[in-house]
Amino acid sequence: MRVIGVLDLANGRAVHAVAGRRREYRAVRSGLAPAPGDAVAIARAYRDALALREVYVADLDAIAGGAPQRALVREVVRAAAPAAVLVDAGGCSAEQARLTLADGAARVVVGLETLPDMADLAPLVRDVGGERVVFSLDLRGGVPVVRAGAAVQPDPLAVAERAADAGVTSILVLDLARVGTGLGVDLALVRRIRRACPAVAVLVGGGVRDRAELERLADAGVDGALVATALHDGRLTAADVEALGAARRSG
């Protein structure tokens, strides 16, 4: 099981995302960084204190339609190196994806909530390569979150299957209503998607509680999990991260 550290960026700082209520986000207070909201310090701690090999960055300003925080993303990428950084900068075109990759992202995350139409995904994948694209199946309480006017099926499983058909090699199942809540991941839905899309890596995010839950997710065939709060408050330690990674390598 790959543990992927999360950095949600808004207004130039790392914020504590809770249940997708973005107006209520505040600077994250973390045992990994001396000052609240210091995204660069947290990225460095993910690398040095926790030995994470992957970091997920969500540029919430860009996702909401504002200006991308490209300079901050570049700083985070440098601080996290050599960890691979996955970046969701709200892009839904090949041109935007290339800009994100140029800022140092190892892979670009294309979110359902910003995609005008699922038909736009396949051309983007062909342009930048399926191995460099993660499709984020954005949900709220298990229901797909879509852009106004977007033609998207309401069934999460159907959306995941269409993303796999478009050529992505990784699908992130991200329930915004569970983010930062500790409610846990919808394991039944994840299992359905794992069975329906056997050729892609399945990542999950939203509400991951502790090592025991990560072990259950690994048993269900999940390849990696986004974690933030449990890393900041110490429920998930460097020893846990190493043990989960070792179990994956031995399996």
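All figures in this text were calculated on a predicted structure; none of them were measured in a lab.
Shown here for Pro116 and Cys92, the closest heavy-atom pair between the two residues is CD-SG, 3.7 Å.
The stretch residues 65-92 participates, sequence neighbours left out, in these salt bridge (Lys or Arg N to Asp or Glu O under 4.0 Å) pairs: Arg70-Asp103, Arg74-Asp103.
When the side-chain contact (heavy atoms from CB on, under 4.5 Å) test is applied to Ala67, no partner is found at least two apart in sequence or on another chain. Applying the side-chain contact (heavy atoms from CB on, under 4.5 Å) test to Asp138 and every residue at least two apart in sequence or in another chain returns Leu112, Glu113, Ser136, Val145, Leu174. Partners of Ser170 by side-chain hydrogen bond (donor to acceptor under 3.5 Å, both in side chains), not counting sequence neighbours, listed by chain and number: Arg107. Arg132 is linked by a side-chain hydrogen bond (donor to acceptor under 3.5 Å, both in side chains) to nothing, counting only residues two or more places apart in sequence or in another chain. With sequence neighbours excluded, no residue forms a salt bridge (charged side-chain N to carboxylate O under 4.0 Å, His left out) with Arg29. The side-chain hydrogen bond (donor to acceptor under 3.5 Å, both in side chains) check on Thr114 picks up nothing, with sequence neighbours excluded. Residues passing the salt bridge (charged side-chain N to carboxylate O under 4.0 Å, His left out) test with Glu131: none are found, sequence neighbours excluded. Here Asp233 pairs with Arg235 under the side-chain hydrogen bond (donor to acceptor under 3.5 Å, both in side chains) rule; sequence neighbours left out.
The main-chain N or O of Thr237 is found under 3.5 Å from a side-chain atom of Asp240 such that the two form a donor-acceptor pair. Without hydrogens or angle criteria, Tyr46 side chain to Val6 main chain gives a donor-acceptor distance under 3.5 Å.
Put simply, CD on Glu213 and CE on Met1 are 9.0 Å apart, with the number rounded to the nearest 0.5 Å. Atoms CG and CG, from Leu50 and Leu236 in turn, are 8.0 Å apart once rounded to the nearest 0.5 Å. Here the CD-CG distance, from Gln96 to Leu101, works out to 12.0 Å after rounding to the nearest 0.5 Å. Here CZ of Arg140 is found 8.5 Å from CG of Asp175. Values are rounded to the nearest 0.5 Å. For the atom pair CD1 of Ile42 and CG of Asp8, the computed distance is 10.0 Å after rounding to the nearest 0.5 Å. Taking CG of Leu7 as the reference point, atom CG of Leu72 lies at 8.5 Å (rounded to 0.5 Å).
Under the 4.5 Å side-chain criterion, counting only non-hydrogen atoms from C-beta, Pro156 is in contact with Leu137. Contact check for Pro82 versus Arg47: side-chain heavy atoms found under the 4.5 Å cut-off.
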Less than 3.5 Å apart, which donor and acceptor atoms pair up between the side chains of residues 183-205 and the rest of the protein, not counting sequence neighbours?
from, atom 1, to, atom 2, distance (Å)
Asp186, OD1, Ala188, N, 3.3
Asp186, OD1, Leu189, N, 3.2
Arg194, NH1, Val200, O, 3.3
Arg194, NH1, Gly221, O, 3.3
Arg194, NH1, Asp223, OD2, 3.0
Arg194, NH2, Cys197, O, 2.8
Arg194, NH2, Pro198, O, 3.4
Arg194, NH2, Val200, O, 2.5

Using distance only, find each side-chain donor-acceptor pair of residues 56-63 under 3.5 Å and give its atom names and separation, not counting sequence neighbours.
from, atom 1, to, atom 2, distance (Å)
Asp59, OD1, Asp61, N, 3.2
Asp59, OD1, Ala62, N, 3.1
Asp59, OD1, Gln69, NE2, 2.6
Asp59, OD2, Gln69, N, 2.6
Asp61, OD1, Asn11, N, 3.3
Asp61, OD2, Asn11, N, 3.1

Could you pull out every donor-acceptor pair under 3.5 Å between side chains of residues 118-128 and any protein atom, sequence neighbours left out?
from, atom 1, to, atom 2, distance (Å)
Asp120, OD2, Asp117, N, 3.3
Asp127, OD1, Arg98, NH1, 2.4
Asp127, OD2, Arg98, NH1, 3.3

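Both Leu9 and Val40 are assigned to one and the same hydrophobic cluster, defined by single-linkage of ILVMFWY side chains at heavy-atom distances under 4.5 Å.
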Practice item. Check step by step if side chain to side chain contact (heavy atoms under 4.5 Å, CB included) holds for Leu226 and Val208. Key: CA-CA 8 Å; Leu226 273 55; Val208 172; over 6 Å; no

